Enquirer: 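I have a structure I would like to understand better, so I am pasting it below and will then ask my questions one at a time.
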Amino acid sequence: MASIHSVQALVLSIYPENDLDSVVNGGLDHWPLLTSAELPVPALRRQQRVRDLPMVTEEFGSPIDQSDMTSRARLMAVSTKTFGTWLRALPASSLGNLLDDNTLRISVGLRLGSRLCQPTCAAVEK
């Protein structure tokens, strides 16, 4: 829908008989079914972010509110702009950030909140 709003003036200048209003109004009729937020003002309807933000906030805002403190911290951490920057760091031993395989496995596991150690039940012979 944002792309239709962006090119609406251009399309009407090229093809004035075209009825883009029916397409646009059809999409606007579905807005209340998707979100409880109000329709964006006409000047901002060409921005996809303005359309997506209310739906994303409703969809992903509730798990944060309903989770325990550890899960909430994890969800808030991964929703920041720079949450994965440490994964793009180039390994260099001169900088001290060259990790062996096991250390990297543990670091990623801790960051993701995975269970790193699990008890095993081994059969013991007598």
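No experiment lies behind these values; they were computed from the predicted model shown. All values below were derived from every heavy atom in this structure, side-chain atoms included, with hydrogens, water molecules and symmetry-related copies excluded. In what follows, residues are counted from 1 in the order of the sequence shown.
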Enquirer: Please identify each residue that fulfils side chain to side chain contact (heavy atoms under 4.5 Å, CB included) with Leu110, with sequence neighbours left out.
Expert: Ile106, Leu116
Enquirer: Between Thr85 and Thr82, what is the shortest heavy-atom contact and its length?
Expert: OG1-O, 2.7 Å
Enquirer: Has Asn102 got more than 12 heavy atoms of other residues, nucleotides or ligands less than 6.0 Å from its CG?
Expert: yes
Enquirer: Among residues at least two apart in sequence or on other chains, which ones pass side chain to side chain contact (heavy atoms under 4.5 Å, CB included) with Thr70?
Expert: Asp68, Arg74
